[in-house]
Amino acid sequence: MTSNQDWIRRSEQVFIKTYNRFPATMVKGKGCKLWDADDNEYLDFLSGIAVCSLGHSHPAVTDAICQQASSLNHVSNLFHTQKQIELAELLIKNSFADRVFMANSGAEANEAAIKLARIHGGENRYEIISLTGSFHGRTLATVAATGQPQLHKGFEPLPTGFIHAEFGDTKTLEKLITKNTCAILCEPLQGESGVRPLESEYLKSIRQLCDKHGLLLIFDEVQTGMGRTGTLFAYEQLPVVPDIMTVAKALGNGLPIGAMLTTDEIASSFTIGSHASTFGGNPVAAAAAVATLKTMLSNNFLDSVQKTGLYFTEKLNEIAAQFPHIATGVRGNGLLLGLILTDKGIEHGADIVNRLFQKGALINFAGGKVLRFIPPLIVTHQEIDALITVLSEALTELSD
Ligand SMILES: *Cc1c(COP(=O)(O)O)cnc(C)c1O
């Protein structure tokens with residue numbers, strides 16, 4: 001029996017079955033490549049779900065982690081720590097925000113945003129409107145905010161105060177606003193449910209509704225943030241600025257860390273004891289995040305993400321033109337891209353992902369709608385060409 005299979009057999013004995021994993025036990029990563037326990041090599045266009053944006057084992061991040069781990073791993077937020085301060089300063093210097101709260105994950109960053117919006121709203125203003133198709137996390141409050149009924153099923157009663165507005169429809173959104181509403185929460189580009197961008201005009205009218213009714217606009221940039229769309233945050237390319245923003249996924253390039261960012265005025269609604277986290281902004285995770293941010297902010301890194309994204313988009317459009325019965329086009333921004341599938345393509349979505357896996361390329365089928373490509377942001381044209389070759393092979397096999 002191969003060692004890959006040995007590990008999988010052991011894994012299947014011990015875990016609660018919440019994940020539908022690929023049959024691979026990953027042991028090593030470098031750049032855009034991963035290796036499993038049998039030394040099979042994979043071209044990674046998933047990056048641990050938009051997390052390892054500088055690629056696996058980036059030397060600057062590895063050095064930062066090792067250095068920090070050899071001096072101080074954890075003291076709790078009862079104390080100030082250096083890397084956490086540096087990280088907050090960098091986030092503030094490069095965003096609309098004045099203040100930061102550190103968390104460990106996307107869901108926790110969103111929990112912090114939800115609590116802040118409620119306490120800022122004041123008495124009886126607790127309702128948060130989010131959009132259908134959204135994804136905000138798996139804790140009870142963030143799953144309630146998530147506009148996907150299949151993720152709620154069986155967990156009711158969910159926390160109250162989460163209302164979902166039909167994606168793209170401003171009129172019904174306004175009708176859902178009541179005296180109890182405190183915020184509108186959305187991703188500037190929906191990732192999990194199929195790489196769906198929100199149009200500029202739509203976002204502008206959401207911002208206007210917030211201003212008209214005194215609501216906070218919360219952007220969940222957990223997936224779109226940290227350079228994924230070719231600017232540090234996706235809102236920088238949009239005609240609106242949020243009041244609160246959450247980030248996580250790529251913040252620590254693989255170490256678990258999240259953050260909630262906001263203005264001085266809104267931040268002042270939290271006072272000492274309002275909110276806390278034992279691990280939030282942990283020194284090692286914060287050190288990784290500082291190294292990640294510094295790398296992303298240097299040497300035209302973000303410009304090259306945009307250029308690479310355009311190249312990849314062009315190649316995916318060629319695939320759509322070559323296989324019109326499977327794919328109709330591309331959507332997304334930067335290196336958060338989805339190949340839009342026809343009804344027939346959707347039927348084969350999971351199969352296409354598996355065929356690519358067999359050929360050593362990792363992608364996923366997001367929202368049961370699109371093939372999602374979220375490679376490390378350092379991906380080269382050659383690596384994109386290699387992925388396109390494998391994708392084309394897999395789609396040709398389907399057509400036979
Ligand atoms: C992944 C994701 C989350 C949840 O992040 P976790 O770290 O898994 O809790 C929240 N919002 C968006 C937009 C995401 O993509």
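Counting convention: from 1, in listed order, for ligands and their atoms alike.
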Using a 6.0 Å distance limit plus a 45 degree cone around the ring axis, check whether R196 lies over the aromatic ring of F167. yes
Can you name the side chain to side chain donor-acceptor pair (under 3.5 Å) partners of E221, sequence neighbours left out? T224
Donor on one side chain, acceptor on other, E166 and T172, under 3.5 Å: no
H164-H152 aromatic ring centre distance below 6.0 Å: yes
Side chains of residues 41-49: which donor-acceptor pairs under 3.5 Å do they make with residues two or more places apart or in other chains?
unit_1, atom_1, unit_2, atom_2, d
E41, OE1, W35, NE1, 3.3
Y42, OH, D36, OD2, 2.7
D44, OD1, L46, N, 2.9
D44, OD1, S47, N, 3.0
D44, OD2, S47, N, 3.4
D44, OD2, H56, NE2, 2.6
S47, OG, I374, O, 2.5
S47, OG, P375, O, 3.4

Please name all residues satisfying ring pair (Phe, Tyr, Trp, His ring centres under 6.0 Å) with F219, sequence neighbours left out, ordered by chain then number. none
Ordered by chain then number, the protein residues lying under 4.0 Å from ligand 1 by heavy atom are S105, G106, A107, N110, F135, H136, G137, E187, D220, V222, Q223, K249
